[in-house]
Each structure stands twice: as structure tokens, then as C-alpha cells.
Amino acid sequence: IKIEIVRYQAKSLDNSFRENYFEPVSLVFENNFCCNCGYCSSICPVGSITVTADDLKIDSETCIKCGLCFSVCPRSFPSEHIFTVLNKLNPNLKDGAASNYYINAYTASTKSDEIKEVCQDGGIVTTLLYYLLKEKEIDAAIAVTHSEDIWRPKPIIIENVDDLYKTAGTKYANSPSLTILNEAQKFDKIAVVGSPCMMLALKKGSIYPIGTSIFNNIKYTIGLFCMESFSYDNVINISTEIFNKKLENILKMDISGGKFIVKDKNGEEAKVPLKEVTSLARDVCHYCSDLTSEFADIS
Ligand code: SF4
Ligand code: SF4
Ligand code: SF4
């Protein structure tokens with residue numbers, strides 16, 4: 001019903017006004033600001049947007065110029081200042097200066113041996129999802145797993161703890177995870193795991209354009225720390241050209257202490273200064289101000 005109201009408002013305006021004020025997100029993509037989070041494709045009421053890891057297409061034949069995608073896109077117009085003001089007024093939050101407002105901060109690592117075997121660092125994201133699924137706090141979670149091509153991530157809906165282990169570990173190629181929000185609407189309560197840009201998209205969508213999220217089944221947003229992500233082609237380049245290793249032999253990739261580190265299946269570890277791979281990061285990641293998922297429920 002709320003989507004219909006937005007469409008009614010757009011349709012009731014004359015064409016020149018609609019042309020100027022209800023543009024779809026093509027503007028964002030064409031100007032190379034799109035981080036391919038995928039939120040616009042899930043929210044489009046007529047399914048006109050297709051987002052992949054490195055592309056975005058809008059079907060101009062079906063687009064009704066409602067402007068919904070533009071109003072929730074994290075890269076269209078800034079919204080962070082609104083949340084900063086709201087946080088400032090919230091007496092339950094502490095001012096973290098560099099990390100924005102927060103309730104509490106902890107240092108933690110998992111106690112589960114199974115999770116320790118597959119996790120990236122402390123295994124906390126996997127452990128949180130394990131708890132939420134086990135205690136039925138959520139029915140499903142949106143996360144990322146490997147696709148048929150190793151190290152090419154794909155978004156996945158996890159419904160049980162057995163499938164959870166498929167999602168553990170960091171994948172450095174980007175994944176348009178929010179494209180499957182629509183598919184996850186059949187669940188009453190979900191958690192979404194994603195990068196800081198995705199957390200901002202969800203936060204922005206919680207107030208624009210109607211004051212509440214259209215995806216009201218999202219109970220928890222869990223944001224990762226993220227310095228940059230790469231196209232899949234450049235993940236291959238990092239592996240083969242910088243580390244001289246076949247991608248299928250890489251067991252783990254990591255960024256730590258200013259180094260990009262890979263560990264292969266023979267247990268050999270190699271590292272290069274991060275600046276050697278930074279130039280291979282996606283252009284859009286060079287325009288990103290959030291390292292710690294400031295807009296997630298849990299970072
Ligand atoms: S919502 Fe996400 S995928 Fe869509 S245009 Fe904006 S940044 Fe790109
Ligand atoms: S119909 Fe609305 S949400 Fe879909 S592409 Fe067009 S402007 Fe964006
Ligand atoms: S660096 Fe920023 S834009 Fe790039 S994937 Fe991470 S959060 Fe998204």
C-alpha cells in the first residue's frame with residue numbers, strides 16, 4: 001500500500017517534474033558511484049533493476065519513475081547526518097568519535113571448535129548467526145557463500161545452522177547481497193550480514209521515503225569491517241600476478257597490519273604491503289567513508 005502511495009504521487013505530477021525529481025538510480029551507476037549493494041533491485045516495485053557484482057541495468061520500458069530506488073540508494077544523496085543527530089539525542093548511546101555512536105564495545109572470539117575451523121578471525125559473525133538461528137530469534141539470514149567459481153561470492157539465504165558454515169570466512173570480491181531481500185520476504189524475521197555500504201543502504205531505507213522500512217522483517221543487521229573490495233577478475237589477478245598462486249589453491253585471504261595476506265592449501269603464507277593491491281580495488285571503494293559499519297545494529 002505504501003509503495004502505491006509513492007507511485008501515485010509520482011504519477012500525479014506533470015512529466016517535466018517527474019523527469020527531474022523521480023529519476024531512477026541510473027545516475028548513480030553511470031557516474032561510477034554505485035557500490036552494487038543490490039538494494040535498489042529489491043525495492044523496485046516493478047522489478048526494473050538488475051544488479052550483479054559489477055553491473056546495473058534498468059529497463060526503461062517498465063520503469064515508472066517512482067524514484068523509490070534513488071531515495072534509498074546509499075550513494076544517491078547523503079543521509080548519514082540524520083542518523084548522527086538522532087544518535088546524539090539517544091541517551092542510551094555513547095559517542096565513539098571515530099566509530100560513531102554505540103551501546104557497548106567488546107573484544108571477543110568464538111568458543112565453538114567447528115566455527116574456529118572455518119572462521120576468518122574471531123568467528124563472531126558466524127557465532128552470532130548460530131545463536132540467532134538456534135534460539136529462533138530469526139528464521140533465516142542473508143549472507144555470502146562461494147559460488148561454483150571458487151572465491152566468486154554469491155548471496156545466500158541460510159535457514160539452518162548446518163548451512164551456516166558455508167558462509168564463514170571473508171570473500172574479497174564484492175557480492176550484491178541485498179538483491180535477495182525480496183526472496184527473503186517469505187520469512188518473518190531475518191538477519192542481514194553485509195559490508196558498511198549495505199548497512200547504510202538498509203539504514204537509509206528505514207527512513208526514506210516513507211519513515212519506515214519496506215522490508216520490515218529485518219530484525220538484525222550485522223555489519224562487517226571493510227576497507228575495500230575487488231572485482232572477481234582482480235581477485236584472480238591478485239592471486240596469480242601478485243602472489244603467483246592459482247586461485248583454486250588459495251585457502252584464505254586476509255588484510256591485517258597493513259598487509260594483504262594469502263595462505264595456500266599447502267599451509268604456505270605470503271604477504272605484500274596493502275598498497276600493492278589497493279590500486280586493484282573497485283573505484284567506488286575509494287569513495288567510502290565507513291570502515292566499521294557504523295549504521296549496523298552490530299558491527
Ligand atoms: S542501491 Fe546500491 S546497487 Fe543500487 S544504485 Fe545504489 S549503490 Fe548501486
Ligand atoms: S520503477 Fe521506481 S524503483 Fe524501479 S527503477 Fe524506476 S524509479 Fe527506480
Ligand atoms: S569499501 Fe565501502 S563501498 Fe567498498 S565494499 Fe567496502 S563498504 Fe562497500
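These values consider heavy atoms only, across backbone and side chains, with no hydrogens, waters or symmetry-generated copies. Both counts, for ligands and for their atoms, begin at 1 and track the order of listing. What you are looking at is a predicted structure, and each value in this text was computed from that prediction instead of being measured.
Y101 and F83 have their aromatic ring centers separated by at least 6.0 angstrom.
For the pair R152 and Y232, the cation-pi test (distance below 6.0 Å, angle within 45°) is passed. The side-chain tip of K204 points at the ring of F77 from less than 6.0 angstrom away and within 45° of straight on.
A perpendicular orientation is assigned to the rings of F260 and F230, their planes being inclined by more than 60° (bins at 30° and 60°). Ring geometry for F33 versus Y287: interplanar angle over 60°, hence perpendicular rather than tilted (30 to 60°).
Distances below 4.0 Å separate heavy atoms of V25 from the following atoms of ligand 1: 5 (S). Near M227, meaning under 4.0 Å from any of its heavy atoms, are these atoms of ligand 3: 1 (S). Taking every non-hydrogen atom of P45 and a distance limit under 4.0 Å, the qualifying atoms of ligand 2 come out as 3 (S). Those atoms of ligand 2 that come under 4.0 Å of a heavy atom in V46, given as number and element, are 1 (S). Annotation for ligand 1: atoms under 4.0 Å from non-hydrogen atoms of C40 are 1 (S), 3 (S), 4 (Fe), 5 (S). Those atoms of ligand 3 with a heavy atom of C226 less than 4.0 angstrom away are 1 (S), 5 (S), 6 (Fe), 7 (S). Per-residue contacts place P196 under 4.0 angstrom from the following atoms of ligand 3 (heavy atoms of the residue considered): 7 (S). Atoms of ligand 3 found under 4.0 Å from any heavy atom of S229 (numbered from 1 in listed order, with element): 5 (S). Close approach of ligand 3 to E228 (heavy-atom distance below 4.0 Å) involves ligand atoms 1 (S). Listed by number with element, the atoms of ligand 1 under 4.0 angstrom from any heavy atom of C34 are 3 (S), 5 (S), 7 (S), 8 (Fe). Ligand-side atoms of ligand 3 in range of C197: 3 (S), 7 (S), 8 (Fe), range being under 4.0 angstrom from any heavy atom. For ligand 2 and C63, the ligand atoms under 4.0 Å from any heavy atom of the residue are 1 (S), 5 (S), 6 (Fe), 7 (S). Each of the atoms 5 (S), 7 (S), 8 (Fe) of ligand 2 lies under 4.0 Å from some heavy atom of P24.
Using a cutoff of 4.0 Å between basic side-chain nitrogens and carboxylate oxygens, E148 and K154 are scored as salt-bridged.
Residues T127 and T110 have side chains that bring a donor and an acceptor to within less than 3.5 angstrom of each other. Between the side chains of N87 and N90, no donor-acceptor pair of N or O atoms lies under 3.5 Å.
Between K252 and Q120, the closest side-chain pair of non-hydrogen atoms falls below 4.5 Å. The shortest distance between side-chain heavy atoms of I222 and V192 does not fall below 4.5 Å.
The closest protein non-hydrogen atom to atom 2 (Fe) of ligand 3 is C288 SG, 2.3 Å. In terms of protein heavy-atom proximity, atom 7 (S) of ligand 1 is closest to C35 N, 3.5 Å. What sits closest to atom 3 (S) of ligand 1 on the protein, heavy atoms only, is G38 N, 3.2 Å. Scanning the protein for heavy atoms near atom 4 (Fe) of ligand 2, the closest one is C44 SG, 2.3 Å. Looking from atom 8 (Fe) of ligand 2 to the surrounding protein, the closest heavy atom is C69 SG, 2.3 Å. The closest protein non-hydrogen atom to atom 6 (Fe) of ligand 1 is C73 SG, 2.3 Å.
None of N182, L178, V72 except one satisfies the side chain to side chain contact (heavy atoms under 4.5 Å, CB included) rule with I43; the exception is V72. When the options V262, I238, I150 are evaluated for a side chain to side chain contact (heavy atoms under 4.5 Å, CB included) with I250, the one that passes is V262.
Counting heavy atoms under 4.0 Å from ligand 3, residue R282 touches it through the side chain alone.
Counting non-hydrogen atoms of other residues, nucleotides and ligands closer than 6.0 Å to NZ of K57 gives a total of 12 or fewer.
For R75, the closest heavy-atom approach to ligand 3 falls below 4.0 Å.
With 2.8 Å as the limit, C37 does not count as an N, O or S neighbour of atom 4 (Fe) of ligand 1.
Nearest-residue assignment for atom 1 (S) of ligand 2 (options V72, I64, I43; heavy-atom criterion): I64. Within the set N36, L56, I49, L178, the minimum heavy-atom distance to atom 5 (S) of ligand 1 is found for L56.
Under a hydrophobic clustering in which Ile, Leu, Val, Met, Phe, Trp and Tyr are joined whenever their side-chain heavy atoms come within less than 4.5 Å, directly or via other members, L181 and L68 fall into the same cluster.
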